[in-house]
Amino acid sequence: MKKVILGTAGHIDHGKSSVVKALTGIDPDRLKEEKERGITIDLGFANIVYPDVVVGIVDVPGHERLIKNMLAGVGGMDMVMLVVAADEGVMPQTKEHLAICNLLKIKSGIVALNKADLVDEETLELAKEDVKEAVKGTFLENAEIVAVSAKTGLNIEVLKEKIRELALKVSEKSIGGIFRMPIDRVFTLKGFGTVVTGTVLSGAITIDSPVEILPAGITSKVRGLQSHGQALKEVYAGQRVGINLQGVSKEDIKRGDIVTVPGKLKPSSFIEVKLELLKDVKPLKHGMPVHFYLTTSETVGKLKLFDKTEVLPDEEAFAHIKLQDPIVAMAGDRFILRRFSPLETLGGGIVIDPEPPRKKKDIKSEHLATLFSGALYEKLEVKIKRRAFNGISISELEGWINSDIIQIKTAVDELIKKRRIINAENHLFHIDIFNEFKSSLLNLLKEFHATNPFKEGLPKEELKVKLSLDRFPKVLMLLPYIEDVSIQGNTVKLKSVNKEKIDPQLEEKIIKELQKEFQPPFKDELAQTLSISESKLTDILKIIAKQGKIVRINDFLYLTIENYNKMINLLKDFFSKKNEMTVSEFRTLLNTTRKYAIAYLEHLDSQKITLRVGEIRKMVKRG
């Protein structure tokens with residue numbers, strides 16, 4: 001059955017809760033203090049069950065000091081019932097509540113002109129005209145106005161039927177997105193533990209599903225689900241829901257937290273928005289502190305306007321907001337701003353990027369315009385491009401924007417087909433980033449092969465350093481998509497370049513020079529003798545060593561394999577007669593200088609053939 005959320009709005013003492021009780025038989029004022037004082041202090045809940053639709057009702061407080069509680073209830077509303085007392089007409093909180101609902105882009109509603117029993121026909125008509133004037137230019141401009149009396153029951157059934165008609169026209173929230181339920185109440189039930197309630201904004205969830213409570217990052221499991229007192233196995237977008245959480249303390253969570261699926265959403269303290277100011281407020285200046293309200297959360301933020309020093313009444317502007325506390329937002333979420341002091345509603349807007357670039361040079365006006373009003377695939381392309389060399393995973397992208405997962409995947413597939421993005425192992429990079437990386441890499445490899453003709457290719461770690469990619473390791477996922485490049489293990493090379501082969505005569509000369517028993521020339525001396533560069537000789541020596549014809553002792557010294565094996569055999573023979581050997585004894589054994597002897601011993605120590613103990617060596621390997 002269709003599920004719709006109706007919210008109340010209106011000035012204090014105009015009878016919002018009384019009308020709700022008359023409609024449903026449920027008193028939404030649940031707190032003892034509310035009963036005693038006769039006013040709604042916090043959110044109250046009720047419902048009307050029709051044969052073809054269930055309307056969940058969120059009753060909000062009307063007092064100006066309780067606007068933050070009112071704001072906690074409006075985030076999930078599909079439609080609004082504005083309650084105005086016929087004997088008082090439109091009042092300050094009537095206008096503020098109406099402005100808030102208008103800023104949140106609630107699309108439909110109805111006006112209940114309550115306390116009609118207290119006025120005559122003429123006053124009732126004046127009250128209707130007052131309402132019509134107040135709702136001009138808002139989503140309620142063409143809404144029906146029903147004169148009712150919660151006290152006598154006048155037209156309550158008419159209002160009830162009008163609400164049904166309105167609810168049937170409301171577009172249902174999507175269950176194809178990520179499950180999100182902002183928490184508006186937290187309490188404990190004996191024998192059950194911690195229960196949280198809220199309006200499900202998107203997606204669906206079942207009993208035993210794993211959940212994450214953000215921004216705290218607490219993981220839990222759904223132990224039980226209820227909606228309007230009925231136990232359910234599954235709940236979905238558009239329902240008022242109570243979730244019994246497993247293994248979570250009431251003290252660990254609060255109003256404003258979000259219950260969602262694990263690993264999809266990220267808390268953020270720095271968001272990018274398009275904001276709009278109301279007509280009758282003072283200008284909003286760059287750097288001003290503001291109260292920020294999103295779904296059921298409230299925090300303080302500092303405004304950073306783009307290319308402006310202030311936003312005038314009835315104007316729009318792009319901005320960053322640096323928040324005091326992390327919030328959980330998705331692109332497309334709507335918010336409300338109130339002045340820091342004195343408290344008054346200034347305006348609201350839409351989150352266009354919950355995780356934007358922080359540097360001004362990375363923010364382009366055309367990107368802002370696309371993120372605000374572009375098609376889904378255009379917004380996704382901009383987001384992927386903004387992530388530059390970091391790219392973004394498909395999973396992360398699904399948690400970035402408030403949209404159906406299937407629609408996101410379809411848009412991503414379209415971008416891939418159009419070659420606007422590259423999908424590397426479910427990690428997405430923009431084509432401009434790919435081309436930039438490809439160009440830098442090809443230039444680097446050309447230069448590398450020109451100066452290192454004997455090397456197979458460039459190791460990936462060295463490549464990262466040379467291209468300054470230490471902070472962007474994921475960009476290496478793009479390597480297999482660059483046709484001109486070949487990857488062999490950990491080495492990257494140009495396909496068009498083959499390493500230069502060693503001249504057999506040169507190789508013969510090198511080995512001949514190194515055959516000088518235990519005093520072969522050092523690398524710099526050998527390069528001079530052969531009239532080649534030391535860097536070129538280094539590459540050649542490594543290749544010959546890889547072939548097993550010579551052994552690298554250190555960066556500057558190599559031995560032929562024959563002389564190396566001879567050294568090992570002399571060593572074994574020595575240690576068969578003695579347990580310890582000094583440097584002097586080793587030098588004498590090889591009939592060489594101390595400089596060579598030290599180099600050989602350090603190599604033997606590193607290979608765990610010998611062990612240095614103070615100034616002597618012992619044999620480790622005796623096999």
Exercise. Rounded to the nearest 0.5 Å, how far does NE2 of His286 lie from CG of Asp307?
Worked result: 10.5 Å

Exercise. Do Glu276 and Arg334 meet the salt-bridge criterion of a basic N to acidic O distance under 4.0 Å?
Worked result: yes

For this session: Could you please spell out the steps behind the side-chain contact (heavy atoms from CB on, under 4.5 Å) verdict for Ile183 and Ile258?
Result: CA-CA 6 Å; Ile183 296 170; Ile258 293 262; over 6 Å; no

Exercise. Quick check: does any side chain N or O of Ser268 sit under 3.5 Å from a backbone N or O of Pro354, one acting as donor and the other as acceptor?
Worked result: yes

Exercise. Which distance, rounded to the nearest 0.5 Å, do you find between the CG of Asn423 and the CG of Leu415?
Worked result: 11.0 Å

Exercise. Is the NZ atom of Lys464 crowded by more than 12 outside heavy atoms at less than 6.0 Å?
Worked result: yes

Problem set entry | Whether Asn47 side chain and Val54 backbone form a donor-acceptor pair below 3.5 Å | no

Exercise. Under 4.0 Å between a Lys/Arg side-chain N and an Asp/Glu carboxylate O for Asp353 and Lys383?
Worked result: yes

Exercise. How about Thr299 and Ile327: do any of their side-chain heavy atoms sit closer than 4.5 Å?
Worked result: yes

For this session: Check each of Glu381, Arg387, Lys385, Arg386 against His430 using the side-chain hydrogen bond (donor to acceptor under 3.5 Å, both in side chains) test, and report the only one that passes.
Result: Glu381

For this session: Could you pull out the closest heavy-atom pair between Phe335 and Ile350, with the gap in Å?
Result: CE2-N, 3.3 Å

For this session: Might you point out which heavy atoms bring Lys173 and Met77 nearest each other, and give the distance in Å?
Result: NZ-C, 4.4 Å

Exercise. Is a salt bridge present between Arg338 and Glu298, judged by a nitrogen-to-oxygen distance below 4.0 Å?
Worked result: no

Exercise. Judged by atom type as modelled, is there a donor-acceptor pair below 3.5 Å linking the side chain of Asn435 to the main-chain atoms of Asp432?
Worked result: no

Exercise. Heavy atoms, side chains only, cut-off 4.5 Å: are Leu245 and Val211 in contact?
Worked result: yes

Exercise. Taking everything shown except Lys279 itself, do over 12 heavy atoms lie less than 6.0 Å from its NZ?
Worked result: no

Seminar exercise, completed: dist Ile100:CD1 -> Leu337:CG (nearest 0.5 Å) comes out at 11.0 Å

Seminar exercise, completed: Output for pair (Leu103 CG, Phe139 CZ), nearest 0.5 Å, gives 10.5 Å

Exercise. Should Leu479 and Leu441 be marked as a side-chain contact (heavy atoms from CB on, under 4.5 Å) after you check the CA-CA gap, both sets of side-chain angles, and the distance that decides it?
Worked result: CA-CA 9 Å; Leu479 287 172; Leu441 178 66; 3.5 Å; yes

For this session: Please report the shortest heavy-atom distance between Gly177 and Asp404, naming the atom on each side.
Result: N-OD1, 3.7 Å

For this session: Give the intermediate values and the outcome of side chain to side chain donor-acceptor pair (under 3.5 Å) for residues Glu96 and Thr345.
Result: CA-CA 7 Å; Glu96 187 167 18; Thr345 302; 2.4 Å; yes

Exercise. Checking Arg358 against Phe270: charged group under 6.0 Å from the ring centre and within 45 degrees of the axis?
Worked result: yes

For this session: Could you check if a side-chain atom of Glu316 sits within less than 4.5 angstrom of a side-chain atom of Leu275, using non-hydrogen atoms only?
Result: no

Exercise. In this structure, are over 12 heavy atoms from other groups packed under 6.0 Å from Lys308 atom NZ?
Worked result: yes

Exercise. Would a distance-only check, ignoring hydrogens and angles, find a side-chain to backbone donor-acceptor pair under 3.5 Å from Lys2 to Asp52?
Worked result: no

Exercise. Rounded to the nearest 0.5 Å, how far apart are CE of Met477 and NE2 of His427?
Worked result: 5.5 Å

Exercise. Okay, side chain of Ser209, backbone of Ile205: is any donor-acceptor separation there less than 3.5 Å?
Worked result: no

For this session: Could you check if a side-chain atom of His320 sits within less than 4.5 angstrom of a side-chain atom of Ile271, using non-hydrogen atoms only?
Result: no

Exercise. Step by step, would you call Leu397 with Ser393 a side-chain contact (heavy atoms from CB on, under 4.5 Å)?
Worked result: CA-CA 6 Å; Leu397 201 60; Ser393 69; over 6 Å; no

For this session: Examine distances only and state if a side-chain atom of Thr197 and a backbone atom of Gly242 form a donor-acceptor pair shorter than 3.5 Å.
Result: no

Exercise. Do other residues, nucleotides or ligands put more than 12 heavy atoms under 6.0 Å from the CD atom of Glu141?
Worked result: yes

Exercise. Hey, mind stepping through Leu277 and Asp314 against side-chain contact (heavy atoms from CB on, under 4.5 Å) and telling me if it holds?
Worked result: CA-CA 5 Å; Leu277 252 60; Asp314 210 23; over 6 Å; no

For this session: Return yes when atom CD of Glu447 has more than 12 non-hydrogen atoms of other residues, nucleotides or ligands closer than 6.0 Å, and no otherwise.
Result: no

Problem set entry | Heavy-atom donor-acceptor pair, Thr410 side chain to Ile406 backbone, under 3.5 Å | yes

Exercise. Taking Arg255 for the side chain and Asp184 for the main chain, is one N or O donor matched with an acceptor at less than 3.5 Å?
Worked result: yes

Problem set entry | Residue of the set Glu398, Arg180, Glu396 for which side chain to side chain contact (heavy atoms under 4.5 Å, CB included) holds with Leu265 | Arg180

Problem set entry | Check: Ile243 and Val195 side chains under 4.5 Å, non-hydrogen atoms | no

Exercise. Do Val300 and Val290 have side-chain heavy atoms sitting under 4.5 Å apart?
Worked result: no

For this session: Can you establish whether the number of heavy atoms outside Glu483 located under 6.0 Å from its atom CD is more than 12?
Result: no

For this session: Using modelled atom types only, decide if a donor and an acceptor are shared between the side chain of Glu315 and the backbone of Leu312 within a distance under 3.5 Å.
Result: yes

Exercise. side-chain hydrogen bond (donor to acceptor under 3.5 Å, both in side chains) with Lys254: which residues, sequence neighbours excluded?
Worked result: Asp257

For this session: May I ask you to establish whether Lys274 and Phe372 are in a cation-pi arrangement, using a distance under 6.0 Å from NZ or CZ to the six-membered ring centre and at most 45° from the ring axis?
Result: yes

Problem set entry | Distance-minimising heavy-atom pair for Leu225 and Ile207 | CD1-N, 3.7 Å

Seminar exercise, completed: Looking only at heavy atoms, the pair that brings Pro267 and Pro326 closest together is CB-CB, 4.0 Å

For this session: Please work out which of the three classes, parallel, tilted or perpendicular, describes the rings of Phe389 and Phe472, given edges at 30° and 60°.
Result: tilted

For this session: To the nearest 0.5 Å, tell me how far Thr370 OG1 sits from Tyr377 OH.
Result: 9.5 Å

Exercise. Are Met181 and Val196 side-chain neighbours, meaning at least one heavy-atom pair lies under 4.5 Å?
Worked result: yes

Exercise. Just wondering, more than 12 heavy atoms not from Leu444 lying within 6.0 Å of its CG?
Worked result: yes

Exercise. Looking at side-chain heavy atoms only, is the closest gap between Leu166 and Met79 below 4.5 Å?
Worked result: yes

Problem set entry | Lys285 side-chain N/O to Pro283 backbone N/O, donor-acceptor pair under 3.5 Å | no

Exercise. Of Asn490, Leu494, Thr491, Leu463, which is the lone residue that meets side chain to side chain contact (heavy atoms under 4.5 Å, CB included) with Leu458?
Worked result: Leu463

Exercise. So does Lys495 have more than 12 non-hydrogen atoms from other groups sitting under 6.0 Å from NZ?
Worked result: yes

Seminar exercise, completed: Heavy-atom closest pair (Leu232 atom, Ser227 atom, distance to 0.1 Å) is CD1-CB, 3.6 Å

